[in-house]
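Remarks on the structure that follows.
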Amino acid sequence: METERLTKRETQIMNVLWSSDEPLTAHDILVLAPELSRNTIQIVLKKLQTIGFIEVAGFGYNKNALTRTFRPIISQSQYIQSSLTEGTSYALAMNFIKQADNPELLDQLAELIKEKKHELNTPEAE
């Protein structure tokens, strides 16, 4: 999957959205990232929506004004994965497995690998 690279400001706003369990308004982002200006946030939110990184999740209120809330469409891990080569992904996975100390997590990974191998070896029904 080829994903557009984010600018510094776009990354800042995406990090705020990725860190939140709830959709956020531009004002919420301003509160959580006060180093950004309201104008910058509005411009960047529009661009992130245009390139398909966020969507309007609904509407909320800021004082007496109706405002849109935003949520990410692409996860942080999907974004990072899109920038890695297969070799780098392999090295990260190997390093993660070598350092893992949770048997249940390793069992889940083993099950994912088993499912993927089955998927790759099973011809599609016609």
Side-chain angles (χ1 to χ4, degrees):
M1 166 176 83
E2 188 66 29
T3 303
E4 185 165 334
R5 305 303 326 143
L6 297 175
T7 66
K8 178 182 175 185
R9 295 291 186 222
E10 291 165 351
T11 301
Q12 283 179 285
I13 290 175
M14 286 304 298
N15 282 333
V16 171
L17 291 168
W18 282 323
S19 298
S20 176
D21 292 333
E22 300 291 325
L24 300 174
T25 65
H27 179 75
D28 296 333
I29 294 169
L30 180 62
V31 169
L32 294 167
E35 69 278 8
L36 298 171
S37 73
R38 184 177 304 278
N39 189 45
T40 296
I41 293 169
Q42 293 291 350
I43 291 168
V44 172
L45 285 172
K46 184 171 179 65
K47 168 101 185 289
L48 290 170
Q49 192 175 4
T50 300
I51 63 175
F53 273 70
I54 64 171
E55 66 183 358
V56 174
F59 297 92
Y61 285 96
N62 179 23
K63 299 183 182 170
N64 292 335
L66 185 64
T67 182
R68 295 175 295 170
T69 60
F70 298 93
R71 72 172 155 239
I73 295 173
I74 183 173
S75 71
Q76 191 172 27
S77 60
Q78 288 170 317
Y79 176 68
I80 293 168
Q81 178 67 37
S82 72
S83 66
L84 301 176
T85 64
E86 186 173 317
T88 303
S89 295
Y90 176 79
L92 283 172
M94 291 299 293
N95 190 47
F96 177 80
I97 291 168
K98 287 177 182 176
Q99 293 185 13
D101 58 2
N102 181 337
E104 291 173 4
L105 182 61
L106 292 172
D107 288 343
Q108 290 174 359
L109 290 172
E111 185 59 33
L112 279 172
I113 291 168
K114 181 179 171 185
E115 289 172 11
K116 185 63 176 181
K117 286 173 77 175
H118 179 72
E119 175 187 312
L120 293 172
N121 291 326
T122 305
E124 293 291 323
E126 294 186 27

key: Heavy-atom pair of closest approach, residues Ile54 and Ile73   = O-CD1, 3.3 Å
Give the table of side-chain donor-acceptor pairs shorter than 3.5 Å for residues 87-94, with sequence neighbours excluded, one pair per line with atom names and distance.
from	atom 1	to	atom 2	distance (Å)
Thr88	OG1	Thr85	OG1	2.9
Ser89	OG	Gln81	NE2	2.9
Ser89	OG	Thr85	O	3.2

query = Ignoring hydrogens and geometry, is there a side-chain-to-backbone donor-acceptor pair from Tyr79 to Leu6 under 3.5 Å?
reply = yes
query = Out of curiosity, Met14 CE to Leu45 CG, how far, rounded to the nearest 0.5 Å?
reply = 10.0 Å
query = How far does OG of Ser19 sit from CD of Gln76, to the nearest 0.5 angstrom?
reply = 6.5 Å
query = Phe96 versus Leu109: any side-chain heavy-atom pair under 4.5 Å?
reply = yes
message = With a 4.5 Å cut-off on side-chain heavy-atom distances among I, L, V, M, F, W and Y, is there a chain of contacts connecting Ile29 to Val56?
response = yes
note = Residues Ala33 and Val16: closest non-hydrogen pair is CB-CG2, 4.1 Å
query = Got Leu24 and Leu32 here, is their nearest side-chain heavy-atom distance under 4.5 Å?
reply = yes
request  = Report whether Leu36 and Ile43 are members of the same hydrophobic cluster (ILVMFWY, side-chain heavy atoms less than 4.5 Å apart, transitive linking).
outcome  = no
message = According to side chain to side chain contact (heavy atoms under 4.5 Å, CB included), who are the partners of Glu115, at least two apart in sequence or on a separate chain?
response = Glu111, Leu112
ask   = Do you know which two heavy atoms are closest between Arg68 and Phe59, and how far apart they sit?
value = CG-CE2, 3.5 Å
task = Nearest 0.5 Å please: distance from the OG1 atom of Thr7 over to the CD1 atom of Ile13.
result = 8.0 Å
task = Answer with yes or no whether the hydrophobic clustering places Ile80 together with Trp18; edges join I, L, V, M, F, W, Y residues whose side-chain heavy atoms lie under 4.5 Å apart.
result = no
note = Sequence neighbours excluded, the answer for side chain to side chain contact (heavy atoms under 4.5 Å, CB included) partners of Asn64 is none
key: Transitive ILVMFWY cluster of Val31, excluding itself - 4.5 Å side-chain cut-off   = none
key: Test side chain to side chain contact (heavy atoms under 4.5 Å, CB included) applied to Ser75 - qualifying residues, sequence neighbours left out   = Ser77, Gln78
ask   = Say you draw a straight line from CD1 of Ile41 to OG1 of Thr25; how long is it, rounded to the nearest 0.5 Å?
value = 9.0 Å
Side chain to side chain donor-acceptor pair (under 3.5 Å) contacts in which one or both residues fall within residues 32-47, not counting sequence neighbours = Glu10-Lys47, Gln12-Glu35, Ser37-Thr40
Atom pair CZ (Phe70) and CZ (Phe53), whose distance is rounded to the nearest 0.5 Å = 15.5 Å
